[in-house]
Amino acid sequence: MKVAYLIAGVLLIALLAGCTAQPTSPSSGGSSLQQDTQTLSESDQSFMGESEEMEIGEMAP
Amino acid sequence: MKKFAVLACLLMIAAFASFAFAEEADISAETQAEASAAASVHGAQVRLLQLEKSIAKNIIKGKAVVEAAVKANASANTTGLEATLAEMEALKEQVSDERKELASGSFNSTAAVKAFVELKHDAIDLSKEFRADAKALVREQDTGKVREAANRERNTTEIKALNEQIRAEIRAYNAARLEEILKVIGAGNDTLVAKVKSGETNAGAVKAFVAASIMLLDSEDRKEAVAEIREEASKRSVLGKAVSAQVRARFEEEREERQKERIEHIEDEEIREIVRERSGAKAEARAEAEARGSGRGKVTLDTEVTIE
């Protein structure tokens with residue numbers, strides 16, 4: 001009986017995990033808002049900040 | 001699927017370029033990332049102006065080092081340091097000329113990225129050379145004082161003027177980039193573009209606006225817009241890496257040409273002659289080292305990459 005409850009519990013957890021993962025899964029063909037925003041912020045590094053400095057190395061030993 | 005294949009190809013080229021650098025890792029990942037921005041008109045201006053400013057700041061620091069060396073030992077031979085500083089002054093002029101030339105002619109992204117990577121590499125080499133020569137002349141206890149002296153002088157008229165130009169070009173670059181992205185999203189906002197140009201809003205606010213505009217799109221349009229923006233960013237990144245690899249492959253051949261041109265700009269005849277002699281000796285040493293290594297690990301990537 002305990003084994004049956006254990007199996008049912010594992011299956012339930014797996015089912016819940018599957019349902020939660022589905023909307024953001026790449027294989028689903030869909031695209032979540034969160035995923036797209038994340039992708040955009042990762043890929044778009046092209047705006048420049050005004051305080052950027054360029055390093056060419058120290059002169060003092 | 002097609003876009004994914006293109007992206008995969010671009011990533012493979014980038015991976016190849018990274019592998020090529022692993023053989024002779026002279027052009028840093030930081031320079032390659034900076035080079036990506038130099039692929040646009042205003043981006044090239046920003047990068048070359050930032051380089052000019054860094055060289056100007058290092059010249060100020062270098063002069064403080066020479067002063068400290070003389071203070072520590074009045075009979076110290078600082079000719080070598082002064083020769084390197086003279087070459088750095090000439091390099092600064094070279095950067096400025098290159099920037100003006102890029103601004104006046106029809107813009108070529110590959111040429112702009114190449115010029116930036118080469119000149120930055122020259123600046124790093126000269127700074128390294130100066131630091132190595134200074135080691136024998138400056139006492140360790142004076143190093144802190146040298147930095148303090150250099151920091152006091154960092155707000156020269158020249159640096160201030162360069163800061164102003166950099167700020168203006170960064171704003172123009174961000175405004176142009178925003179216009180491109182808004183076109184992809186299909187959400188024009190002339191007011192925001194004007195605010196970016198005038199400096200009334202910053203990069204963070206612009207990024208937030210772009211993200212908010214994308215959220216308003218429906219799922220399919222959003223996916224397309226994100227893919228297009230991402231693809232464009234990848235293209236720039238690949239261009240930076242590929243051109244850096246080309247520069248590395250031909251660096252030794254072209255370095256001498258740049259140096260010869262630079263030396264002619266040195267006004268002091270005596271210093272010019274010293275720089276010329278040192279340059280000849282260094283070229284010989286490099287040729288010998290290359291002969292010994294028989295070109296091991298030489299990068300042969302020769303791809304013309306452009307961004308429209």
Side-chain angles (χ1 to χ4, degrees), chain A, chain B residues 30 33-34 36-37 43 46-47 50-51 53-55 58-59 61-62 64-65 68 120 123-124 127-128 130-132 134-138 140 143 146-147 150 166-167 170-171 173-174 177-178 181 199 202-204 206-207 210-211 214-215 219-220 222-223 225-227 229-230 232-234 236:
Chain A
M1 194 63 183
K2 274 183 186 173
V3 175
Y5 277 127
L6 191 66
I7 292 170
V10 169
L11 284 174
L12 187 65
I13 290 167
L15 187 68
L16 283 171
C19 289
T20 322
Q22 202 174 13
T24 54
S25 162
S27 59
S28 68
S31 152
S32 79
L33 184 65
Q34 196 186 0
Q35 192 184 18
D36 286 342
T37 314
Q38 177 72 15
T39 307
L40 181 74
S41 64
E42 277 168 10
S43 63
D44 179 34
Q45 299 295 327
S46 52
F47 289 111
M48 286 187 200
E50 291 187 13
S51 55
E52 272 184 29
E53 291 283 333
M54 189 176 288
E55 283 302 321
I56 56 168
E58 263 299 326
M59 295 288 270
Chain B
E30 191 188 358
E34 287 168 349
S36 308
V46 171
R47 292 302 182 223
Q50 286 174 331
L51 179 58
K53 182 181 144 187
S54 295
I55 298 170
N58 270 11
I59 291 170
K61 284 180 197 163
V65 168
K120 185 180 173 192
I124 291 171
S127 303
K128 212 184 280 176
F130 184 93
R131 191 169 62 244
K135 220 171 193 173
L137 298 170
V138 178
E140 213 181 316
T143 309
V146 167
R147 289 210 176 99
I166 292 168
R167 204 169 296 133
I170 285 179
R171 287 170 187 175
Y173 172 87
N174 284 345
R177 187 78 193 107
L178 176 62
I181 291 176
N202 59 26
V206 173
K207 279 184 187 177
V210 170
I214 290 208
M215 279 188 204
S219 174
E220 207 47 45
R222 192 173 67 231
K223 201 177 163 191
V226 169
I229 292 168
R230 196 180 183 186
E232 205 272 341
S234 293
R236 280 177 196 266

**Asked** Can you name the nearest heavy-atom pair linking Ala123(B) to Ile56(A), along with the distance?
**Response** CB-CD1, 4.0 Å
**Prompt:** If you take all heavy atoms of Met54(A) and Ser54(B), which pair is closest and at what distance?
**Reply:** O-OG, 2.7 Å
**Message:** Quick check on the interface: out of Val146(B), Asn174(B), Ile55(B), who has the most heavy-atom pairs with chain A under 4.5 Å?
**Reply:** Asn174(B)
**Asked** Can you list the steps and then say if Glu58(A) with Lys61(B) is a side-chain contact (heavy atoms from CB on, under 4.5 Å)?
**Response** CA-CA 9 Å; Glu58(A) 263 299 326; Lys61(B) 284 180 197 163; 3.6 Å; yes
**Asked** Taking all non-hydrogen atoms of both residues, which atom of Ala203(B) and which atom of Met48(A) are closest, and how far apart?
**Response** CB-O, 3.6 Å
**Request:** Sort out for me which of Val65(B), Asn58(B), Ile170(B) touches chain A most, counting heavy-atom pairs under 4.5 Å.
**Result:** Asn58(B)
**Asked** For the residue pair Thr143(B) and Pro61(A), what are the closest heavy atoms and their distance?
**Response** CG2-O, 3.0 Å
**Prompt:** Looking at Arg131(B) and Gly57(A), what are the two nearest heavy atoms and their distance?
**Reply:** NH1-C, 4.1 Å
**Message:** I need the minimum non-hydrogen distance between Leu178(B) and Phe47(A), along with the two atoms involved.
**Reply:** N-CE2, 3.8 Å
**Message:** Tell me which of these, Arg47(B), Lys135(B), Lys53(B), Lys128(B), has more heavy-atom pairs under 4.5 Å with chain A than the rest.
**Reply:** Arg47(B)
**Fill in**
Turns out that what part of Gln50(B) lies under 4.5 Å from chain A's heavy atoms comes down to both
